Student: 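Below you'll find the structure I mean.
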Amino acid sequence: MIRHIAFANLCNFRDIGGYATQDGRTVRWQRLYRADSLGWLAGADLETFRALGVRTVIDLRHPYEVERAGRVPATEELAYWNLPIEGRPWNRDDYSEDMGIARFLADRYLELSEDGVDNLRIAVETIAATGGTPAVVHCAAGKDRTGLLTALILSMLGVAEDDIVADYALTGLATQRFLDGWRRRNPGKPPWPGFGLAPAEAMRLLLDELARRHGSVAAYVADVLGVDEDTVALLRTTLLTEPAREG
């Protein structure tokens with residue numbers, strides 16, 4: 001199966017299938033995708049997207065971002081959810097070389113985990129209820145807000161932390177395309193040092209801090225997000241292969 005789906009204008013569209021879970025199951029392919037802005041879809045890219053059979057799009061951007069950069073083209077078959085999870089705007093002046101990119105990003109993700117509680121829960125419930133039809137989660141670059149939600153979903157499915165971290169870090173394969181696009185749009189203006197980066201340590205720090213604060217990622221999901229056991233079970237039914245039969 002193909003994890004990275006090639007688009008002319010999108011940099012970071014990929015399938016989260018194929019990861020093993022602690023109970024011996026596997027995340028199904030072609031059920032849940034993660035992506036950067038779907039407002040770029042047009043022409044051949046739109047044909048590629050529609051061929052995936054996506055029926056649910058969860059857009060984690062602010063409404064003003066959607067208005068400015070566009071949303072996924074509407075069709076009757078497509079359910080579109082705009083669920084912004086960012087509360088506090090990023091202040092990049094808080095970044096320092098001594099802090100490092102990974103720590104700065106992890107701190108921002110922790111803010112998302114606090115500020116985006118209601119919409120994170122709705123997003124999880126929405127994905128769980130898709131009935132196995134393909135869904136896409138996206139934001140602007142598909143690495144920060146999308147990275148948090150994807151990590152939480154993979155954790156609920158029982159995917160190992162190392163695989164969750166590795167999935168997040170795959171955005172690094174798109175970094176050069178992000179930088180090239182920035183330079184075209186902003187000639188002569190350098191991006192901030194963390195632009196387009198997804199260091200594995202950032203996700204590791206986030207998961208460690210959620211566990212330190214709440215006892216475990218599962219406890220954060222249950223006690224803070226308010227995702228109940230039935231929803232987690234439905235999410236597993238929706239996104240995982242059937243358990244292996246004995247004998």
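Predicted, not measured: the structure shown is a model, and the values here were computed from it.
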Student: Would you find a donor on one side and an acceptor on the other, under 3.5 Å apart, between the side chain of Thr130 and the backbone of Thr126?
Tutor: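 Side chain of Thr130 to backbone of Thr126: no pair is present.
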Student: Do Val54 and Leu239 belong to the same hydrophobic cluster, where Ile, Leu, Val, Met, Phe, Trp and Tyr are linked whenever their side-chain heavy atoms lie under 4.5 Å apart, directly or via other members?
Tutor: no
Student: Transitively linked via ILVMFWY side-chain contacts under 4.5 Å: Leu173 with Trp182?
Tutor: yes
Student: Under 3.5 Å, is there a donor-acceptor pair linking the side chains of Arg31 and Thr133?
Tutor: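 Note: Arg31 and Thr133 side chains miss the donor-acceptor criterion.
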Student: Could you state whether Leu52 and Ile58 fall into the same hydrophobic cluster, counting links through intermediate Ile, Leu, Val, Met, Phe, Trp or Tyr residues with side-chain heavy atoms under 4.5 angstrom apart?
Tutor: no
Student: If you group Ile, Leu, Val, Met, Phe, Trp and Tyr by side-chain heavy-atom gaps below 4.5 Å, do Met203 and Leu170 land in one group?
Tutor: yes
Student: Could you tell me whether the side chain of Thr26 and the main chain of Tyr19 form a donor-acceptor pair under 3.5 Å?
Tutor: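 Checked: no pair found.
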Student: Quick one: SG on Cys139 to CG on Leu83, what's the gap to the nearest 0.5 Å?
Tutor: 12.5 Å
Student: Between Arg14 and Thr171, what is the shortest heavy-atom contact and its length?
Tutor: NH1-OG1, 3.2 Å
Student: Can you check whether Leu210 reaches Leu110 side chain to side chain, under 4.5 Å on heavy atoms?
Tutor: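 Yes, at least one pair of side-chain atoms sits under 4.5 Å.
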Student: Measure the shortest side-chain to side-chain distance between Leu60 and His138 over non-hydrogen atoms and say whether it is less than 4.5 angstrom.
Tutor: no
Student: Where do Val224 and Val117 come nearest, in terms of heavy atoms and distance?
Tutor: O-CG1, 3.3 Å
Student: Do Val72 and Val136 belong to the same hydrophobic cluster, where Ile, Leu, Val, Met, Phe, Trp and Tyr are linked whenever their side-chain heavy atoms lie under 4.5 Å apart, directly or via other members?
Tutor: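 Yes.
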Student: Take Asp167 and Arg34 through the salt bridge (charged side-chain N to carboxylate O under 4.0 Å, His left out) test and state the conclusion after the steps.
Tutor: CA-CA 10 Å; Asp167 181 80; Arg34 54 180 297 170; 2.8 Å; yes
Student: Supply the atom-to-atom distance Leu179 CG to Thr175 OG1, rounded to the nearest 0.5 angstrom.
Tutor: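 Rounded to the nearest 0.5 Å, the CG-OG1 separation comes to 6.5 Å.
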Student: My understanding is that only residues two or more places apart in sequence, or in another chain, count here; which of them pass salt bridge (Lys or Arg N to Asp or Glu O under 4.0 Å) with Arg236?
Tutor: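 Salt bridge (Lys or Arg N to Asp or Glu O under 4.0 Å) list for Arg236, sorted by chain: Asp23.
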Student: If every non-hydrogen atom of Gly172 is compared with every non-hydrogen atom of Ala198, which pair is closest and at what distance?
Tutor: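 For Gly172 and Ala198, the tightest heavy-atom pair comes out as N-CB, 4.4 Å.
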Student: Got a sec, which residues hit side-chain hydrogen bond (donor to acceptor under 3.5 Å, both in side chains) with Glu111, two or more places apart in sequence or on another chain?
Tutor: Arg108
Student: Using side-chain contact (heavy atoms from CB on, under 4.5 Å), reason through Leu112 and Asp115 one step at a time and then give a plain yes or no.
Tutor: CA-CA 5 Å; Leu112 295 175; Asp115 298 346; over 6 Å; no
Student: Could you list the donor-acceptor pairs under 3.5 angstrom formed between side-chain atoms of residues 157-165 and any protein atom two or more places apart in sequence or on another chain?
Tutor:
{"from": "Glu161", "atom 1": "OE2", "to": "Arg204", "atom 2": "NH1", "distance (Å)": "3.1"}
{"from": "Asp162", "atom 1": "OD1", "to": "Arg204", "atom 2": "NH1", "distance (Å)": "2.8"}
{"from": "Asp162", "atom 1": "OD1", "to": "Arg204", "atom 2": "NH2", "distance (Å)": "3.0"}

Student: Tell me, please, which residues at least two apart from Phe7 pass ring-ring contact (aromatic ring centres under 6.0 Å, His included).
Tutor: Phe13
Student: Between Val57 and Leu78, is there a side-chain heavy-atom distance shorter than 4.5 Å?
Tutor: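 Result yes, sub-4.5 Å side-chain heavy-atom pair found.
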Student: Trp29: which other cluster members, linking ILVMFWY side chains closer than 4.5 Å, directly or transitively?
Tutor: Met1
Student: In residues 35-45, what donor-acceptor pairs under 3.5 Å come from side-chain atoms, sequence neighbours left out?
Tutor:
{"from": "Asp36", "atom 1": "OD1", "to": "Asn12", "atom 2": "N", "distance (Å)": "3.1"}
{"from": "Asp36", "atom 1": "OD2", "to": "Cys11", "atom 2": "N", "distance (Å)": "2.8"}
{"from": "Ser37", "atom 1": "OG", "to": "Gly39", "atom 2": "N", "distance (Å)": "3.2"}
{"from": "Ser37", "atom 1": "OG", "to": "Arg61", "atom 2": "NH1", "distance (Å)": "3.2"}
{"from": "Asp45", "atom 1": "OD1", "to": "Ala8", "atom 2": "N", "distance (Å)": "2.8"}
{"from": "Asp45", "atom 1": "OD2", "to": "Ala8", "atom 2": "N", "distance (Å)": "3.3"}
{"from": "Asp45", "atom 1": "OD2", "to": "Asn9", "atom 2": "N", "distance (Å)": "2.8"}

Student: Would you say that Ile153 contacts Thr150 through its side chain, given a criterion of any heavy-atom pair below 4.5 Å between the two side chains?
Tutor: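 Not touching, per the 4.5 Å side-chain cut-off.
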Student: Any non-hydrogen side-chain atom of Val124 less than 4.5 Å from a side-chain atom of Ile127?
Tutor: no
Student: Does the cation-pi check pass for Arg71 over Tyr80, that is, NZ or CZ under 6.0 Å from the six-membered ring centre and within 45° of its axis?
Tutor: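 The answer is yes; both the distance and angle limits are met.
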Student: Any idea which heavy atoms bring Leu120 and Leu148 closest together, and the distance?
Tutor: CD1-CD2, 4.1 Å
Student: Can you check salt bridge (charged side-chain N to carboxylate O under 4.0 Å, His left out) on Asp180 and Arg177, steps first, answer last?
Tutor: CA-CA 5 Å; Asp180 291 345; Arg177 288 191 69 188; over 6 Å; no
Student: Just so I know, are the side chains of Tyr33 and Val137 near enough to count as touching, which here means a heavy-atom distance under 4.5 Å?
Tutor: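 Of all side-chain heavy-atom pairs linking Val137 with Tyr33, none is under 4.5 Å.
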Student: Could you work out, with side-chain hydrogen bond (donor to acceptor under 3.5 Å, both in side chains) as the rule, every residue matching Arg212, not counting sequence neighbours?
Tutor: Glu209
Student: So, for Ala202 and Ala106, which heavy atoms are closest and what is the spacing to 0.1 Å?
Tutor: O-CB, 3.6 Å
Student: Who passes side-chain hydrogen bond (donor to acceptor under 3.5 Å, both in side chains) against Tyr168, sequence neighbours left out?
Tutor: Tyr109
Student: Is the closest side-chain heavy-atom distance between Asn119 and Pro84 below 4.5 Å?
Tutor: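 Sidechains of Pro84 and Asn119: in contact.
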Student: Nearest 0.5 Å, please: how far is CG in Asp59 from OG1 in Thr146?
Tutor: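 Separation between the atoms: 8.5 Å.
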Student: Measure the shortest side-chain to side-chain distance between Leu152 and Leu225 over non-hydrogen atoms and say whether it is less than 4.5 angstrom.
Tutor: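 Of all side-chain heavy-atom pairs linking Leu225 with Leu152, at least one is under 4.5 Å.
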Student: Test your reading of the model: is there a side-chain donor-acceptor pair from Ser155 to the backbone of Ala151, 3.5 Å cut-off?
Tutor: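 Between the backbone of Ala151 and the side chain of Ser155 there is no qualifying donor-acceptor contact (under 3.5 Å).
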Student: What is the distance from atom OG of Ser113 to atom CD1 of Ile85, rounded to the nearest 0.5 Å?
Tutor: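 Interatomic distance, Ser113 OG to Ile85 CD1, rounded to 0.5 Å: 9.0 Å.
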Student: Hey, which of Glu67, Glu86, Arg68, Arg145 is the one that makes side-chain hydrogen bond (donor to acceptor under 3.5 Å, both in side chains) with His62?
Tutor: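 So, applying the side-chain hydrogen bond (donor to acceptor under 3.5 Å, both in side chains) to His62 and each of Glu67, Glu86, Arg68, Arg145, only Glu86 qualifies.
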Student: What is the distance from atom CG of Leu32 to atom CG of Asp15, rounded to the nearest 0.5 Å?
Tutor: 8.0 Å
Student: Hey, could you give me each pair passing side chain to side chain donor-acceptor pair (under 3.5 Å) that has a residue in residues 214-230? Not counting sequence neighbours.
Tutor: Asp228-Thr231
Student: Quick check: closest heavy atoms across Thr21 and Leu240, and the distance to 0.1 Å?
Tutor: CG2-CD2, 3.7 Å
Student: Can you list everything that forms a salt bridge (Lys or Arg N to Asp or Glu O under 4.0 Å) with Glu242? Sequence neighbours excluded, please.
Tutor: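 For Glu242, the residues satisfying salt bridge (Lys or Arg N to Asp or Glu O under 4.0 Å) (neighbours in sequence not counted) are Arg28.
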Student: Using a 3.5 Å cut-off and no angle test, enumerate the donor-acceptor pairs between side-chain atoms of residues 190-197 and protein atoms at least two apart in sequence or in another chain.
Tutor:
none

Student: Quick one: side-chain hydrogen bond (donor to acceptor under 3.5 Å, both in side chains) partners of Thr75, sequence neighbours excluded?
Tutor: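 Per chain and number, Thr75 pairs via side-chain hydrogen bond (donor to acceptor under 3.5 Å, both in side chains) with Glu77.
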Student: What's the separation between atom CD1 in Ile16 and atom CD in Gln30, rounded to the nearest 0.5 Å?
Tutor: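 With rounding to 0.5 Å, CD1 (Ile16) is 13.0 Å from CD (Gln30).
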